[in-house]
Protein chains: 2
Amino acid sequence: MKTILKGRTREVIINSDGPVIIIGESINPTRRKKLVSTLQEGNFEYVLELAGNQIKAGADVLDVNVGFPGVDDEKLLPETVKQLQSRYDIPLCLDSPNPKAIEAALKVAEGKCLINSVNGEEASMKAFLPIAKDFGAAIIGLCMDEEGIIHDPEKRLAIAEKIINRAVKTGIKAEDVIVDPLAMAVSADPNACLVTLETIRLVHQKLGHNITQGASNISFGLPDRESLNAAYMMMSIYNGLTCPIANPEKITAAVRAADLVLGRDDFAVRFVEYFQSHQ
Amino acid sequence: MKTILKGRTREVIINSDGPVIIIGESINPTRRKKLVSTLQEGNFEYVLELAGNQIKAGADVLDVNVGFPGVDDEKLLPETVKQLQSRYDIPLCLDSPNPKAIEAALKVAEGKCLINSVNGEEASMKAFLPIAKDFGAAIIGLCMDEEGIIHDPEKRLAIAEKIINRAVKTGIKAEDVIVDPLAMAVSADPNACLVTLETIRLVHQKLGHNITQGASNISFGLPDRESLNAAYMMMSIYNGLTCPIANPEKITAAVRAADLVLGRDDFAVRFVEYFQSHQ
């Protein structure tokens with residue numbers, strides 16, 4: 001299955017058979033005070049710098065989250081999108097819990113964006129799916145609903161199916177729903193990663209959809225997060241993860257290695273290219 | 001299933017449900033001229049240094065290979081074993097294609113060793129299995145036979161079964177056969193790792209035996225071997241690899257991360273301990 005995203009002109013194809021597409025996570029105010037302070041001043045240089053660094057490091061798509069306390073993201077999200085698209089021709093993943101901010105951003109965005117995110121709750125599907133339909137955007141579907149986050153891969157799979165079916169009924173193409181199986185902190189629950197890895201396997205084998213996740217969450221509260229994130233990322237990719245939201249400056253070498261190991265990089269072209277330009 | 005190895009007094013349990021046990025690969029003359037020259041001089045300080053460094057870095061068992069052109073390994077292997085056991089209380093994996101060298105080493109070795117290796121060829125089983133039986137050693141069974149190395153996971157599984165059955169007939173306990181699914185260079189064949197990963201999955205699910213592999217082979221001829229080896233190792237562990245032969249100085253952090261991700265390290269005790277003692 002193929003999900004196509006677009007920047008101003010550039011097309012990115014996410015294929016459920018790989019290779020892996022990296023959605024850069026760094027435009028996010030969490031633990032980035034400088035992003036908040038510069039955006040509050042109406043200064044976009046830092047957000048553009050974060051974008052440029054991620055693209056250089058291997059990001060194919062950029063997540064854009066400008067949510068912080070007190071922000072008017074119905075103004076700030078579209079303005080950030082305009083600034084990013086004026087400098088970079090890369091598809092964007094619009095990340096906000098506020099459907100009005102997403103809608104305002106889609107109004108000014110060129111190309112075809114990804115919306116992050118809808119979940120299986122009635123209110124969420126009702127709010128986001130029509131917007132995705134109207135603007136021809138793809139959408140991330142989180143495997144949670146009114147019952148919360150359930151530690152059962154089969155139930156998470158069922159929620160993914162529910163969101164996909166509802167999206168198709170709304171007029172969205174099935175392949176434009178990317179499933180997020182929900183990566184949770186392993187420090188809180190020793191089985192957290194196992195549940196998500198099994199959900200990835202089920203979604204990949206039974207639905208065949210593209211799969212994303214905020215893969216850096218799993219190491220929350222632990223040291224050496226890089227080793228943990230990489231270990232989990234490798235296993236997730238093996239099971240069917242195709243477009244993680246992650247920090248390309250930390251993970252691209254491992255992702256290129258995974259693609260090569262999985263027979264998706266003939267003659268090691270992409271792996272060697274990345275090595276040569278980043279050593 | 002549990003395979004128990006022993007040093008002079010120390011017992012190492014390899015459990016097919018994990019956690020991962022690392023067999024240190026560094027006592028091997030390949031690309032280690034200093035090992036050859038010191039051993040030729042009858043000087044064991046360097047081999048002892050290699051052993052100590054690997055133990056410090058997280059090795060639970062040490063592979064001992066002293067094969068180089070012109071060597072009399074029927075003398076050198078037992079002598080090296082004695083030297084290692086006089087300093088370190090760690091189980092050894094005796095690595096030689098010469099059954100007489102293995103037998104000579106087992107005669108002087110204390111505890112319970114692992115023999116590396118037998119394969120599915122009649123001549124190999126005939127030579128090594130009686131020795132393993134006589135000395136109560138465990139043995140690594142390579143998934144290849146008279147037909148060579150076949151790129152078919154089901155056929156490799158069948159060879160593993162053949163070796164196990166023959167070992168049991170010889171009087172060796174089933175759990176004392178550790179299967180090696182054969183990791184091959186991905187530079188030579190883009191599907192090499194996929195075939196081995198699937199073999200690991202099959203052996204783990206259908207036979208339940210412990211599984212080893214020389215996991216550093218896969219990156220032969222490529223740059224950034226560390227990223228490739230780690231990616232492949234993570235996927236292998238997910239599928240059922242329990243006792244890789246690898247370089248602990250490069251791979252232990254990733255292995256500890258894998259165990260934590262897979263729910264085998266409650267409260268992250270081993271992961272944090274390794275991090276604190278190696279940062």
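A note on names: the letters A, B, ... follow the listed sequences, proteins ahead of strands, and every chain is numbered from 1. The figures here come from the full heavy-atom set of this structure, side chains too, leaving out hydrogens, waters and symmetry mates. The structure presented is a predicted model; accordingly, all values stated were derived computationally and were not measured.
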_For A:C93, give me all partners under side chain to side chain contact (heavy atoms under 4.5 Å, CB included), at least two apart in sequence or on another chain._
A:I23, A:V61, A:D63, A:L114, A:N116, A:I140
_Spacing of OG belonging to B:S236 relative to CE belonging to A:M234, to within rounding of 0.5 Å_ = 12.5 Å
*Exceeds 12 heavy-atom contacts within 6.0 angstrom, atom NZ of B:K162*: yes
*Quick check: are there more than 12 heavy atoms from other residues, nucleotides or ligands sitting under 6.0 Å from CD of A:E147?*
no
*Part of B:I218 within contact of chain A (heavy atom distance under 4.5 Å)*: side chain
_Given heavy-atom pairs under 4.5 angstrom as the criterion, report whether the side chain, backbone, both or neither of B:F271 touches chain A._
side chain
*Checking heavy atoms, do the side chain of A:Y232, its backbone, both or neither come under 4.5 Å from chain B?*
both
*Partner chain B: residue of A:I237, A:V186, A:N239, A:D266 with the largest heavy-atom pair count (under 4.5 Å)*: A:N239
*With respect to chain A, which residue among B:S219, B:P190, B:A230 yields the maximal number of heavy-atom pairs within a distance under 4.5 Å?*
B:P190
*Examine whether an atom of A:S187 lies under 4.5 Å from a heavy atom of chain B, and if so say whether it belongs to the side chain, the backbone or both; otherwise answer neither.*
neither
*Within a strict 4.5 Å, meaning less than it, do heavy atoms of the A:D224 and B:Y274 side chains meet?*
no
*Do you know which of A:D189, A:L197, A:V255 has the most heavy-atom pairs under 4.5 Å to chain B?*
A:L197
*Find the one option among B:A257, B:G263, B:A253, B:A268 whose heavy-atom pairs under 4.5 Å with chain A are most numerous.*
B:A257
_Toward chain A, the part of B:L260 with a non-hydrogen atom under 4.5 Å_ = both
